[in-house]
Amino acid sequence: MVHVLEARIRAALAAHIRGVYNLDVAVVTERPPRIEMGEIATPVCFDLAKRLKRAPRQIAAEISAQLPPIEGVERVEVAGGGYVNLFFARAAFLASVVKDAEAAPALAPADAPKCIVEHTNINPNKAAHIGHLRNAALGDTLVRVLRRAGRRVEVQNYIDNTGVQVADVVIGFVHIAKKSPAEVQALAAQPKFDYLCWDLYASVSRFFEEDKTRMALRGETLQSIESGVGAASEMAGIVAPAIVRCHLATMERLGIEYDLLPRESEILHLKFWDSAFEQLKQRNAIHLAASGKNAGCWVMRTDDTGNAAAAAEGTSEDDDAKIIVRSNGTVTYVGKDIAYQLWKFGLLGKDFQYEKFHTYADGRTLWSSVSSGGDSSAPAFGKAAIVYNVIDARQAYLQNVVVAGLRALGFNGAADRSIHFSYEIVALTPRCARELGYTLSEEDAKKPYVEVSGRKGLGVKADDLLDRLETAALAEVAERHPELPADEQTGIAHAIAIGALRYFLLKFTRTAIIAFDFKDALSFEGETGPYCQYAVVRARNIFRKLQEQEPAFAMASLARVDLAAASSLLTGIDGNSFWELVLLAGSLGTQIEAAVGAQEPAFIAKYAFQLAQAFNLFYHHHRVLTEEDSAKKVFLLQLSRLVEVKLVAALELLGIEAPEKM
RNA sequence: GCGGCUGUAGCUCAGAUGGAUAGAGCGCGUGCCUCCGAAGCACGAGGUCGGGAGUUCGAAUCUCCCCAGCCGCACCA
């Protein structure tokens with residue numbers, strides 16, 4: 001609601017300035033430092049002062065006196081050295097926020113431009129760890145925020161089922177564990193198969209270190225898997241899908257769902273690369289290096305930031321170019337990624353076939369790519385207007401190369417709308433690594449944090465962390481609500497655990513490296529998900545008690561704001577504190593806009609915490625149910641309801657459920 | 001070497017597009033449950049915003065130069 005009014009104010013000021021001073025200026029608005037100074041301020045007169053060669057305060061006085069009335073704005077004041085401060089009509093604002101809170105958010109029409117968000121993308125060869133959780137939590141929250149902002153979103157989780165990491169685990173099963181495909185099939189049907197592979201994968205690293213000649217196995221294994229023929233391919237065909245199901249189950253615990261699993265095997269078998277290769281050659285986006293260290297490779301020249309450089313004939317610069325096709329004729333990961341990115345925009349000229357892979361509890365169908373015999377009822381995937389790739393910051397260079405590839409093909413629009421949704425990694429504090437039983441090298445022990453490594457088996461497994469959180473939460477719930485049946489207790493504990501985990505992963509901005517520590521991640525106090533959830537529970541307790549004490553209370557009366565009563569209650573010292581709460585509750589839309597604009601889910605997390613904090617303050621200062629003045633009681637109930645609705649909505653965007661009790 | 005990110009309170013981090021007195025959580029200290037639940041609230045201590053120069057009416061924010069740390073720059077993904 002605030003963002004609507006703010007936009008209106010900006011437009012009105014810009015129009016007024018254009019009319020009176022004949023100047024076109026971009027009007028910047030901001031929040032004044034204190035609530036007594038109004039809700040919106042603009043420093044635009046400092047700008048005007050320069051161009052009109054007059055004192056800013058004088059201009060501000062002129063504007064505030066002459067500005068025509070703006071709907072929703074009660075008065076305008078001059079402040080400081082030349083600020084124009086605007087004051088909202090408080091009661092009317094409350095009424096509109098209350099009305100807005102009852103309306104369901106608008107969904108995107110079926111023909112709206114589509115956004116694709118690709119996230120999670122865990123190699124299907126081991127259990128998911130804390131680093132993967134950050135990717136998935138960020139990606140899923142981006143999806144929720146975009147949908148709430150009225151966008152149509154398709155969620156993809158790319159499965160590299162033919163890569164080195166899967167090959168390594170296959171080597172582990174064949175050469176270390178000495179298992180037959182049938183035996184692996186049986187193991188894959190057991191619970192925690194991903195844990196078994198986690199350990200096996202770490203042992204494969206040691207297996208290679210012991211005898212470097214064993215590396216030859218990797219080439220053979222990879223070739224079998226890529227071609228789809230042979231024993232290794234058969235084994236990979238068992239391992240990868242089984243691990244994918246483990247990952248899906250882990251993510252489902254966190255409330256994360258996908259629409260499509262595009263698999264690398266189909267990109268290979270349906271020869272997506274061949275189509276991309278033809279386009280790249282035709283447009284001279286890549287060329288065959290004739291000499292130098294990359295002789296015999298197809299390379300793409302890029303500048304330092306990954307922009308495609310002119311692909312003129314030459315030799316020396318080829319050494320710095322990015323190899324797309326190796327001298328043995330096989331395509332690199334980046335090449336395949338260019339093909340995949342083209343497909344996402346509908347620019348490849350080829351499509352996958354699809355089959356149903358999984359049905360979620362809410363009825364959503366998860367599809368997987370297949371190379372033949374697809375289901376003709378599959379929806380139309382791909383052909384997006386905007387593509388968000390949720391990938392960690394270390395891969396920025398490669399993402400730039402992919403975009404450079406699109407640009408070199410002349411797809412500048414698609415290149416501009418290819419967004420690397422970048423984020424920093426989750427690392428472990430040295431203390432945490434030791435706690436997990438790892439002995440650190442001297443070098444690592446000195447560092448502020450240690451990188452998680454699936455290859456070394458160093459990391460906090462997602463399901464382990466969730467289990468610990470659920471256990472800790474259950475202990476709290478059992479103590480507070482011994483009367484509740486066990487299944488209800490575990491349900492609440494689950495919600496709290498997810499709240500703590502997702503909030504922990506989302507409260508940091510994307511550029512912050514998270515140094516993981518169990519102490520912080522397991523906390524339910526302070527700036528945490530459970531703190532926000534608890535504020536909702538408090539609000540709900542008020543209404544539960546109200547129903548018990550006054551069953552006849554007309555809940556419908558909460559939907560109608562008495563303007564006269566609200567106006568008087570929103571005045572004065574107490575009025576200001578009420579007003580701050582109303583204003584914050586009416587700012588969710590502003591926060592969503594900011595989160596989409598800056599591509600920063602942490603904005604929503606910060607907002608949820610601030611709103612919870614403001615409500616806790618309100619809760620502490622005002623006793624709602626014992627309020628004698630009936631008009632004031634209705635008002636206090638309206639504020640409580642407003643906060644409940646907005647906080648639940650904010651938490652929903654973070655993928656956090658607010659329980660009825662906790 | 002080239003490119004990117006980071007440096008704000010004891011610790012972990014917010015301060016998007018320059019704006020009024022730089023904030024939060026944790027930790028520490030002191031208080032607050034006969035009360036809609038204390039997973040809470042209040043108060044307090046704690047800052048050369050890495051350093052320096054510049055642009056500006058105004059800089060934590062923009063520019064340049066240093067310093068420190070991290071990450072990229074594979075015929076791996």
Side-chain angles (χ1 to χ4, degrees), chain A residues 26 28 30 32-34 37 41-43 46-47 49-50 55-56 79-83 85 121 123 160 163-165 218 264 293-294 296-299 303-306 320 322-330 332-334 336-337 392-398 400 422 424-425 427 447-449 451 473 476-477 480 496 500 507-509 511-515 517 519-520 523-528 530-535 537-546 549 594-595 597-600 602-603 605-606 609-610 612-613 616-617 619-627 636 640 661-662:
Chain A
V28 173
E30 62 194 43
R34 288 196 312 280
M37 304 167 89
T42 176
F46 296 109
D47 215 17
K50 236 180 309 186
Y83 287 93
N85 290 358
N121 302 5
N123 273 299
D160 184 2
V164 172
Q165 296 210 21
R218 187 186 269 172
E264 184 169 75
K293 65 173 186 175
N294 294 334
C297 298
W298 286 86
V299 300
D303 65 17
D304 291 333
T305 56
D320 299 325
K322 183 67 198 170
I323 292 170
I324 305 297
V325 179
R326 303 182 187 102
S327 55
N328 68 4
T330 58
T332 59
Y333 160 78
V334 193
K336 282 179 277 193
D337 226 27
D392 76 64
R394 294 175 299 188
Q395 301 203 45
Y397 169 67
L398 293 168
N400 285 337
S422 155
E424 276 295 348
I425 57 164
K447 289 184 175 178
Y449 43 75
E451 197 177 328
E476 293 282 334
V477 174
R480 287 156 203 254
I496 294 169
K507 74 174 175 178
F508 300 96
T509 51
T511 52
I513 294 173
I514 299 180
D517 203 321
K519 185 176 154 291
D520 296 332
S523 172
F524 297 153
E525 291 165 16
E527 193 188 347
T528 65
Y531 176 96
C532 301
Q533 291 169 310
Y534 188 65
V537 167
R538 280 179 144 177
R540 287 179 171 164
N541 281 344
I542 294 173
F543 290 102
R544 189 180 304 112
K545 263 278 174 18
L546 179 68
Q549 291 174 2
Q599 294 162 30
E600 187 48 90
F603 288 0
K606 291 284 170 198
F609 177 66
Q610 280 172 14
Q613 220 175 14
N616 274 332
L617 192 60
Y619 184 89
H620 187 253
H621 284 314
H622 306 282
R623 199 142 299 278
V624 178
L625 295 178
T626 54
E627 176 57 49
L636 294 176
S640 305
K661 296 179 183 176
M662 67 184 274

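- As a whole-Å value, the separation of Lys519(A) NZ from C26(B) C1' is 6 Å.
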Go through the steps for Arg218(A) and Val164(A) under the test side-chain contact (heavy atoms from CB on, under 4.5 Å), then give the verdict. CA-CA 7 Å; Arg218(A) 187 186 269 172; Val164(A) 172; 3.4 Å; yes
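- With C1' as the reference atom, C62(B) and G46(B) are 30 Å apart, rounded to whole Å.
- In this structure, Phe524(A) places its CZ atom 21 Å from P of G37(B), rounding to the nearest Å.
- Nearest to the side chain of His620(A), among C36(B), A39(B), G40(B), sits G40(B).
- A distance of 6.0 Å separates CD in Glu627(A) from CG in Leu636(A), rounded to the nearest 0.5 Å.
- Using a 4.0 Å heavy-atom criterion, one finds that Asp392(A) contacts no nucleic acid atom at all.
- With hydrogens and angles disregarded, a donor-acceptor distance shorter than 3.5 Å links the side chain of Thr332(A) to the backbone of Ile324(A).
- On the P atoms, U63(B) is 25 Å away from G23(B), given to the nearest whole Å.
- Taken to the nearest 0.5 Å, the NE2 atom of His622(A) stands 8.0 Å off from the CG atom of Leu617(A).
- Across all strands shown, Glu525(A) has heavy atoms under 4.0 Å from sugar-phosphate atoms exclusively, and none from any base.
- The distance between atom OH of Tyr619(A) and atom P of A39(B), rounded to the nearest whole Å, is 10 Å.
- Note: CG (Asn294(A)) to P (A74(B)) measures 9 Å, nearest angstrom.
- In terms of polar N and O atoms assigned as donor or acceptor, the side chain of Arg34(A) never comes within less than 3.5 Å of the base of A20(B) in a complementary pairing.
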Please determine whether side-chain contact (heavy atoms from CB on, under 4.5 Å) holds for the pair Leu398(A) and Asp337(A), giving the CA-CA distance in whole Å, both sets of side-chain angles, and the decisive distance to 0.1 Å. CA-CA 9 Å; Leu398(A) 293 168; Asp337(A) 226 27; over 6 Å; no
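- Nearest nucleotide to the Ser327(A) side chain, out of C36(B), C75(B), A38(B): C75(B).
- Classified by its glycosidic torsion, C26(B) falls in the anti category, the angle being over 90° from 0.
- Atom name C1', nucleotides A14(B) and U8(B): the rounded distance is 10 Å, in whole Å.
- Nucleotides G47(B) and A22(B) are separated by 9 Å at their C1' atoms, to the nearest Å.
- G15(B) sits 15 Å from G25(B) when the C1' atoms are compared, rounded to a whole Å.
- In this model, the phosphate group of C41(B) is approached by a side-chain N or O of Tyr531(A) to a distance below 4.0 Å at OP1 or OP2.
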Could you write out RNA chain B as a dot-bracket string, with dots for unpaired bases, | for bases paired across to another strand, and Watson-Crick or G-U pairs counted at under 3.5 Å? (((((((..((((.....[...)))).(((((.......))))).....(((((..]....))))))))))))....
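- Note: CE (Met37(A)) to C1' (G19(B)) measures 11 Å, nearest angstrom.
- Distance check, rounded to the nearest 0.5 Å: CD of Glu527(A) to SG of Cys532(A) gives 8.0 Å.
- Gln549(A) comes within 4.0 angstrom of no nucleic acid atom, judged by non-hydrogen atoms across all strands.
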Test side-chain contact (heavy atoms from CB on, under 4.5 Å) on Thr528(A) and Gln533(A); report intermediate values, then the result. CA-CA 9 Å; Thr528(A) 65; Gln533(A) 291 169 310; over 6 Å; no
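- Ion pairing between a basic and an acidic side chain is recognised when a charged N comes within 4.0 Å of a carboxylate O; Asp517(A) and Lys519(A) show no such pairing.
- A donor-acceptor contact under 3.5 Å is not formed by the side chain of Asp337(A) with the base of A77(B).
- Nearest-nucleotide assignment on RNA chain B puts the 5′-proximal partner with His622(A), out of His622(A) and Lys322(A).
- Using a 4.0 Å heavy-atom cutoff across all strands shown, Ala41(A) reaches at least one base atom of the nucleic acid.
- Classification of the Phe609(A)-Tyr531(A) ring pair by plane angle, with boundaries at 30° and 60°, yields tilted.
- Comparing A39(B), A24(B), A42(B) by their closest approach to the side chain of Leu617(A) singles out A42(B).
- Counting to the nearest Å, the P atom of G40(B) and the CD1 atom of Ile496(A) are 12 Å from each other.
- Proximity of a side-chain donor or acceptor of Asp392(A) to a complementary backbone N or O of Ile425(A) within less than 3.5 Å is not detected.
- At the heavy-atom level, Lys293(A) lies under 4.0 Å from base atoms of the strands shown.
- Checking Asn541(A) against Arg538(A) by side-chain atom types alone, no donor-acceptor pair falls below 3.5 Å.
- The phosphate of A39(B) (OP1 or OP2) has a side-chain N or O of Arg480(A) nearer than 4.0 angstrom.
- Look at the C1' atom in both A9(B) and A45(B): the space between them is 11 Å, to the nearest Å.
- At least one side-chain nitrogen or oxygen of Asn541(A) sits closer than 4.0 Å to the OP1 or OP2 atom of G37(B).
- Note on Tyr333(A): every side-chain N or O is 4.0 Å or more away from OP1 and OP2 of A77(B).
- Contact annotation for Val624(A): base contact, defined as any heavy-atom pair under 4.0 Å involving a base atom.
- Between Arg538(A) and A38(B) there is a side-chain polar atom (N or O) within less than 4.0 angstrom of OP1 or OP2.
- For the pair Phe524(A) and Ala500(A), the tightest heavy-atom approach, listed with the atom from each and the gap, is CE2-CB, 3.7 Å.
- Residue contacts for Phe543(A): at a heavy-atom cut-off of 4.0 Å it reaches no nucleic acid atom on any strand shown.
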Output a table of nitrogen or oxygen pairs between the protein and nucleotides 10-14 of chain B separated by less than 3.5 Å.
| from | atom 1 | to | atom 2 | distance (Å) |
| --- | --- | --- | --- | --- |
| C13(B) | OP1 | Ile513(A) | O | 2.9 |
| A14(B) | OP1 | Thr509(A) | N | 2.9 |
| A14(B) | OP1 | Thr509(A) | OG1 | 2.0 |

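- Rounded to whole Å, the separation between the P atoms of A74(B) and C67(B) comes to 26 Å.
- In this structure, Glu30(A) atom CD and A16(B) atom C1' are separated by 14 Å, rounded to whole Å.
- Lys336(A) contributes no side-chain N or O that, together with a main-chain N or O of Glu264(A), makes up a donor-acceptor pair within less than 3.5 Å.
- Comparing Asn123(A) and Pro530(A) by the nucleotide of RNA chain B that holds the closest heavy atom to each, the one mapping nearer the 5' end is Pro530(A).
- Distance from the side chain of Arg623(A) is smallest for C35(B) among the nucleotides C35(B), A20(B), G72(B).
- Computed from coordinates, the Glu424(A) CD to C71(B) C1' distance equals 7 Å when rounded to whole Å.
- By the 5.5 angstrom centroid cut-off and the 30-degree plane limit, Tyr83(A) is classified as stacked against the base of A20(B).
- Listed pair Asn616(A) / G40(B) fails the phosphate criterion, with no side-chain N or O lying under 4.0 Å from OP1 or OP2.
- Atom C1' of C66(B) sits at a distance of 14 Å from the matching atom of G7(B), rounded to the whole Å.
- Minimum atom distance to the side chain of Ala79(A) is reached by A20(B), of the listed A20(B), A39(B), G25(B).
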